[in-house]
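What follows is a single structure, written as C-alpha cells, with notes after it.
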Number of protein chains: 2
Amino acid sequence: MTAKSGSSTGRSANAPCPLAEMPPFRVLPAELLDKLSAISRRRNLERNATLIDIGKSANVVGCVMKGVLRMSKTLVDGQQQIVGLLVAGDIFGRVFDGDFPFSIEAATDCEICLFPKAEFEALMEHWPELEKLVILGLLNELDSAREWLGLVANHRTVEKVAGFLVFLHRRWAFLAEEEEQPGGTLIDLPIKRQDLALFLGTRPEAVSRAFHALHDKGHIRIVTPYRFLIVDFEALDRISGQSVSQLDVHRALASGEGPR
Amino acid sequence: MTAKSGSSTGRSANAPCPLAEMPPFRVLPAELLDKLSAISRRRNLERNATLIDIGKSANVVGCVMKGVLRMSKTLVDGQQQIVGLLVAGDIFGRVFDGDFPFSIEAATDCEICLFPKAEFEALMEHWPELEKLVILGLLNELDSAREWLGLVANHRTVEKVAGFLVFLHRRWAFLAEEEEQPGGTLIDLPIKRQDLALFLGTRPEAVSRAFHALHDKGHIRIVTPYRFLIVDFEALDRISGQSVSQLDVHRALASGEGPR
DNA sequence: TCGCGTCATTGACAATTCACAACGATCGCG
DNA sequence: CGCGATCGTTGTGAATTGTCAATGACGCGA
C-alpha cells in the first residue's frame, strides 16, 4: 500500500477518525459512522510527503481532515503537472476502479483518514447513503475540475490569478483558511508559486507579476507571499471573467447542507 | 440560435433503447437491462439543439448512443466556455444531485437515451451493478476533465492542438469516428474551430495556424477542415507535452526536425 | 442558379508572455 | 550568529499570441 515518507504516521495511526465532524459525513446515520470509524485509519502527513504514487496499487479510499493535498502527474522529464487539489472534506479514491492515474502529495501538513478500499466498497453495497456520498463527492470533484478548466482557459495571467483567488474564496469558504478582517477577507495560499504556475498553465514569474498587478490596482493586498487580503472581491470576479453563480448548489454538499 | 428544436424527437421517442449494445451497459445482467429499457426514452437531436439548459431543472439521466454533445457555461458577457464533450457511451446526469451547472447541446446530430432521474435512482438502490456503472462513469469523466486540464495548461497552441488530436485518438478509439487508412488514422473533428478554441483557451486563428503548422511539418494531413489524417502519432504525442518535456518540444519544433 | 451567411484561413501589428538571469528575502541548521 | 538553500521578485530581449481586418470556400435557401 502507500509506502512513503516512512514515519510521518506517528502513533495515532490506528486511532479512529472523528468522521462525524467532517461536513460530508454529518448526514450519515450513526450506525454507519460507527462502522466507518471501525475500519478507518488516521494518518498525518508532512508537507511534501507522498501519499499515493502514480501507478502503484493503492487500495484505499480516504477523506481529507485537515490541510491541502495536490494531485499531479509526473512527466517523463520529471516535471509535474498538477491536476487538482484536495482540501478538508474532500473524498478521494478510485472506488470500484483500478489504480490512481496520478500521484497525491501533501501540499501542506495534512491529516487524513483512510479506509481499506475493499471494506469501504462492501459498506457501500449495504448503505445507499454512503454510495450517495461518494457520488456527490465525485460530482463535486468534477465541478471543481471544470471550474479550473475555465480558469486555465483564460488568456491573461491576471485573469487566471484573479480567478484563482475567487475560486479559493468561493470553494473553501467554509474552511478556517480565511478570516474576516477590517479591510477585507484574509486568504492563505496553500501552495507555492511554482505549483500554482503549473496549475494555471503559466510560469512563476508571470504569477508573481500578476499578484503584484492586482496589488498595485488596490484589489488585493499582499501581506506575505502566502497570505493575501482580498480588498475588492467584485473586481477580482470581474477580472476573472468567470462570473458564474450557478455553482452554489453543490457547495451545499460540501458545507454539510444542514442549514436551511 | 439553438432554439431547442422542439420536436426533433420524432415518433421513436418511446421506443426502448438498444442499451445492451453500448459498451458500458454490456456488463449488466439481463434483468436490469430490461428494467432500464422499460423506463428509457430514445431521443434524436439535431446539431445545435439544446438538450439541457443551464439552471433549468432537468430530472434526467442519460446515455449518448451516437454523436457528440458539448457541455458549456455561458458567461456574463455572452461568451461560451466549453467544459467538456460527451461521446457515445458516456453517461451524464446529476444523480442524487440538483440541476446541471452547465448546458448540454448537440455538437453533431445525436441519438441519446434518457431515463427519468427518480426511477433511475430507484433502480440504483436495488442494483449495485448500476451504482458501480455510474461511479465508474463519473471517474471516467473526471479523468477526462483532468486530461483536458493538462492540455489547456500547455503554453503553445501547437501543443494544445497536438494534445487534442492525441486525446481524440486515445479516448475515442473504440468509436467508429476513426478509420484506418494507408497513410495513417483518419479522425473526424466533431466541433468547429471556434468551439475548439474556446475549449483550448485560445482563438480560432491560432488553432488554424497550429493545425497548418502540424500539416506543414508532415505530422498530420488536413483532408478537410473537419477531417484529419494522423500521419505521425508519436510526433503529436511528443509535441503535446503530456509525455515529454516541453523544453525539448520547443527545441524540436524550432529546429524543424521530423520524427527521430 | 444566384445570393447570402457562416466559417476557415491568412496577413499585419500591438500586446503579452516566455526565457534567462540576477538579486533579495526568508528560513532552517550548524 | 552566520551560512546556505530555497523561493519570490524584478529586469531585459525574443518569441508567441491576441486582435483586427480582409479574403476565400462552402452550404443553404430563395
Side-chain angles (χ1 to χ4, degrees), chain A residues 46-48 77 79-80 107-109 152-162 164 188-217 220-228 239 241, chain B residues 1-2 5 46-48 77 79-80 107-109 151-162 164 188-217 220-228 239 241 245-256:
Chain A
E46 292 168 0
R47 195 164 102 91
N48 289 331
D77 64 342
Q79 270 232 329
Q80 277 193 338
T108 67
D109 287 349
V152 178
N154 277 323
H155 318 136
R156 284 191 278 300
T157 308
V158 208
E159 299 173 2
K160 300 186 183 187
V161 170
F164 173 75
D188 279 331
L189 183 67
I191 56 179
K192 61 187 181 189
R193 293 287 190 279
Q194 186 171 0
D195 284 348
L196 183 54
L198 281 173
F199 211 130
L200 293 177
T202 181
R203 308 271 125 190
E205 299 95 324
V207 172
S208 183
R209 288 187 234 269
F211 272 127
H212 284 267
L214 291 173
H215 175 101
D216 292 344
K217 287 218 174 70
I220 68 173
R221 208 162 67 76
I222 304 177
V223 185
T224 78
Y226 290 95
R227 170 164 285 194
F228 305 92
I239 293 175
Chain B
M1 352 213 175
T2 46
S5 73
E46 293 169 359
R47 195 165 103 88
N48 288 331
D77 56 358
Q79 272 229 328
Q80 274 195 339
T108 68
D109 288 348
L151 280 190
V152 178
N154 278 324
H155 317 137
R156 277 179 230 73
T157 308
V158 214
E159 299 172 2
K160 300 186 184 188
V161 170
F164 174 75
D188 279 331
L189 183 66
I191 56 180
K192 61 186 180 189
R193 294 286 189 279
Q194 186 170 0
D195 284 349
L196 183 55
L198 282 173
F199 210 131
L200 294 177
T202 180
R203 308 269 122 188
E205 297 94 329
V207 172
S208 184
R209 290 183 171 111
F211 272 126
H212 284 266
L214 291 174
H215 175 102
D216 292 345
K217 293 246 186 282
I220 67 174
R221 206 162 67 76
I222 305 178
V223 184
T224 77
Y226 291 93
R227 170 165 284 195
F228 306 91
I239 293 175
S245 152
Q246 299 177 2
L247 255 178
D248 293 345
V249 167
H250 185 192
R251 300 210 171 100
L253 274 186
S255 60

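Only this structure's heavy atoms are used, side chains among them; waters, hydrogens and symmetry mates stay out. Predicted model, so just to flag it, every value in this text is computed and none were measured. All chains are named by letter (A, B, ...) in the order of the sequence lines, taking the proteins before the strands, and each is independently numbered beginning at 1.
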### Task
Round to the nearest Å and state the distance from A:H155 atom NE2 to C:dT17 atom P.
11 Å

### Task
Nearest whole angstrom, please: distance from the C1' of D:dG8 to the CZ of A:R227.
18 Å

### Message
For the aromatic rings, using the six-membered ring if either is Trp, is the centroid distance between A:F228 and A:F211 under 6.0 Å?
### Response
yes

### Message
Using the side-chain hydrogen bond (donor to acceptor under 3.5 Å, both in side chains) criterion, which residues pair with B:R203? Sequence neighbours excluded.
### Response
A:H155

### Query
Which atom pair, heavy atoms only, marks the closest approach of B:R193 to B:P225?
NH1-O, 2.7 Å

### Task
For B:R203 and D:dA21, give me the distance from atom CZ to atom C1', rounded to whole Å.
16 Å

### Query
Within this structure, what is the NZ-to-C1' distance between B:K192 and D:dG27, rounded to whole angstrom?
14 Å

### Task
Just grab all the side-chain hydrogen bond (donor to acceptor under 3.5 Å, both in side chains) pairs involving residues 204-217 of chain A, residues at least two apart or on different chains.
none

## Note on the structure
Residues at least two apart in sequence or cross-chain that pass side-chain hydrogen bond (donor to acceptor under 3.5 Å, both in side chains) with A:E159, listed by chain then number, are A:R156

### Message
What I want to find out is whether A:D188 reaches A:R227 closely enough, with some N-O distance under 4.0 Å, to be called a salt bridge.
### Response
yes

### Summary
Rounded to whole Å, the CG-P distance (A:N154 to D:dT17) equals 17 Å

### Query
What integer distance in Å separates B:E159:CD from D:dT17:C1'?
13 Å

#### Entry: Contact under 4.0 Å: B:R47 side-chain N or O vs D:dC28 OP1/OP2
no

### Message
Any side-chain N or O of A:Y226 below 4.0 angstrom from OP1/OP2 of D:dC7?
### Response
no

### Query
So how far off straight is the helix from C:dT1-D:dA30 to C:dG30-D:dC1, going by the axes through five pairs at either end, to 10°?
40°

### Query
What pair of heavy atoms forms the shortest contact from B:I191 to B:A107, and how long is it?
CG2-CB, 3.9 Å

Quick test: give all pairs of protein nitrogen or oxygen and nucleotides 9-11 of chain D nitrogen or oxygen below 3.5 Å, distance rounded to 0.1 Å.
from	atom 1	to	atom 2	distance (Å)
D:dT9	OP1	A:H212	NE2	3.1
D:dT9	OP2	A:R193	NE	3.0
D:dT9	OP2	A:R193	NH2	3.2
D:dT9	OP2	A:S208	OG	3.0
D:dT9	O5'	A:S208	OG	3.2
D:dT9	O5'	A:H212	NE2	3.4
D:dG11	N7	A:R209	NH1	3.2
D:dG11	O6	A:R209	NH2	3.1

### Task
For B:R156 and D:dA15, give me the distance from atom CZ to atom C1', rounded to whole Å.
9 Å

### Pairing residues for B:A213 by the side chain to side chain contact (heavy atoms under 4.5 Å, CB included) criterion, not counting sequence neighbours
none

### Query
Quick one: is A:T202 getting a side-chain N or O under 4.0 Å of the C:dC18 phosphate, OP1 or OP2?
yes

### Task
Sort out for me which residue in B:L196, B:L200, B:V207 forms a side-chain contact (heavy atoms from CB on, under 4.5 Å) with B:K160.
B:L200

### Message
Can you measure A:K160 atom NZ to D:dT17 atom C1' for me and round it to whole angstrom units?
### Response
12 Å

